[in-house]
Amino acid sequence: MSADTKQKLLEGALRTLTEQGIAKTSARTIAAAAGVNQALVFYHFGSVDELLAAACRHGSEQRVSRYRERLDAVSSLAELLEFGREMHEEERAAGHVAVLGQLLAGAQTQPRLAPATAAGLALWIEEIEKVLVRVFSSTPLGEFADPAGLARAVAASFVGIELYEGVDEVGASRALDSLEQLSLLVAAVEDLGPLAQRAMRHRLRRVTRS
């Protein structure tokens with residue numbers, strides 16, 4: 001029964017963040033969404049912040065698990081971006097990226113939320129980094145790319161685009177289109193002949209050393 005109540009509270013916290021935002025998330029609103037007594041928030045988690053932190057980890061684990069198999073099958077930057085578009089639509093409809101956005105906003109004034117929010121994002125970053133390592137390892141850009149940094153940039157961009165879309169849907173779509181143009185550039189580099197690829201590597205080495 002205890003595990004069932006905790007599960008209800010975790011899901012209630014995520015639903016409250018999605019539907020009402022961090023400003024209106026409280027023990028009362030979470031308990032109402034979960035259909036339990038609000039005292040159980042403190043009994044099981046100690047505080048609303050601790051519940052939100054646990055909910056962030058719980059939600060991220062669920063979403064990453066849902067997409068892990070598809071991410072494992074990605075073999076090019078173009079496929080990663082295509083997957084990103086599809087996931088963007090699914091996650092927007094479900095409101096899950098909005099939850100991360102709300103927690104990021106809340107962490108600015110409630111520092112205790114920061115570690116858990118970062119941990120939730122780290123689950124996504126870890127999976128994206130695996131894809132980028134695999135994708136770039138077979139290209140002339142492999143030795144110059146920073147998959148760890150790029151994975152963080154992709155995760156941050158994904159959350160940012162989701163929030164940006166709420167005020168400028170056309171602009172958010174153009175941002176995604178520009179990322180697709182980047183994948184075309186990478187594909188063009190992959191299609192270069194051996195001599196051109198060696199020349200590019202030589203030039204990039206010179207630039208990175210200067």
Side-chain angles (χ1 to χ4, degrees), residues 56-57 59-92 96-105 107-108 114-166 168 171-192 194 196-210:
C56 178
R57 289 190 293 269
S60 294
E61 286 167 1
Q62 284 188 318
R63 306 316 296 171
V64 170
S65 177
R66 172 183 174 84
Y67 295 112
R68 185 173 285 117
E69 186 174 336
R70 289 169 64 185
L71 281 165
D72 287 344
V74 171
S75 60
S76 70
L77 187 58
E79 288 181 16
L80 177 60
L81 292 171
E82 181 181 355
F83 163 77
R85 272 194 182 273
E86 293 175 6
M87 186 177 69
H88 172 74
E89 293 301 322
E90 293 178 21
E91 294 297 282
R92 180 184 62 173
H96 294 294
V97 180
V99 169
L100 274 176
Q102 290 291 332
L103 288 168
L104 284 166
Q108 306 305 307
T117 305
L121 281 170
L123 294 174
W124 286 107
I125 290 167
E126 181 181 353
E127 297 301 320
I128 295 169
E129 183 177 348
K130 290 177 186 176
V131 176
L132 292 175
V133 168
R134 187 167 65 247
V135 167
F136 280 110
S137 64
S138 60
T139 76
L141 302 175
E143 67 180 280
F144 307 101
D146 174 16
L150 286 171
R152 285 160 175 77
V154 169
S157 297
F158 189 81
V159 175
I161 287 173
E162 172 72 17
L163 298 176
Y164 179 39
E165 189 170 41
D168 184 0
S173 179
R174 289 187 64 182
L176 288 171
D177 290 343
S178 69
L179 291 176
E180 289 185 357
Q181 292 170 3
L182 177 61
S183 75
L184 295 176
L185 291 174
V186 173
V189 170
E190 291 175 349
D191 290 339
L192 293 174
Q197 288 190 8
R198 280 200 295 272
M200 174 173 285
R201 287 193 184 97
H202 177 70
R203 176 61 179 165
L204 286 172
R205 290 191 189 107
R206 290 182 60 187
V207 170
T208 54
R209 289 171 184 166
S210 60

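- With a 6.0 Å radius and a threshold of 12 heavy atoms from other residues, nucleotides or ligands, E69 has its CD atom at or below the threshold.
- Atom CD of residue Q62 and atom CG of residue L123 lie 12.0 Å apart, to the nearest 0.5 angstrom.
- Without hydrogens or angle criteria, R134 side chain to V74 main chain gives a donor-acceptor distance under 3.5 Å.
- A pairwise comparison of heavy atoms in A148 and R152 identifies O-NH1, 3.0 Å as the closest pair.
- The nearest pair of heavy atoms linking V133 to P147 is CG2-CB, 3.6 Å.
- Between E90 and R70 there is a salt bridge, with a side-chain nitrogen of the basic residue lying less than 4.0 Å from a carboxylate oxygen of the acidic one.
- Y67 and W124 have tilted rings, their planes meeting at an angle from 30° to 60° on a 0 to 90° scale.
- Across A151 and I125, no two heavy atoms sit closer than the pair CB-O, 3.7 Å.
- Minimum interatomic distance between G120 and C56 (heavy atoms only, all atoms of both residues): CA-SG, 4.2 Å.
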### Message
K130 vs E126, test: side-chain contact (heavy atoms from CB on, under 4.5 Å). Steps then yes/no.
### Response
CA-CA 6 Å; K130 290 177 186 176; E126 181 181 353; 4.1 Å; yes

### Check against side-chain contact (heavy atoms from CB on, under 4.5 Å), V64 and L71
CA-CA 9 Å; V64 170; L71 281 165; 5.9 Å; no

### Task
Could you go through the side-chain contact (heavy atoms from CB on, under 4.5 Å) check for F136 and L150 one step at a time?
CA-CA 11 Å; F136 280 110; L150 286 171; 3.8 Å; yes

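- Look at R85 and E82 and you find no salt bridge, because none of the NZ, NE, NH1 or NH2 atoms lies under 4.0 Å from a carboxylate O.
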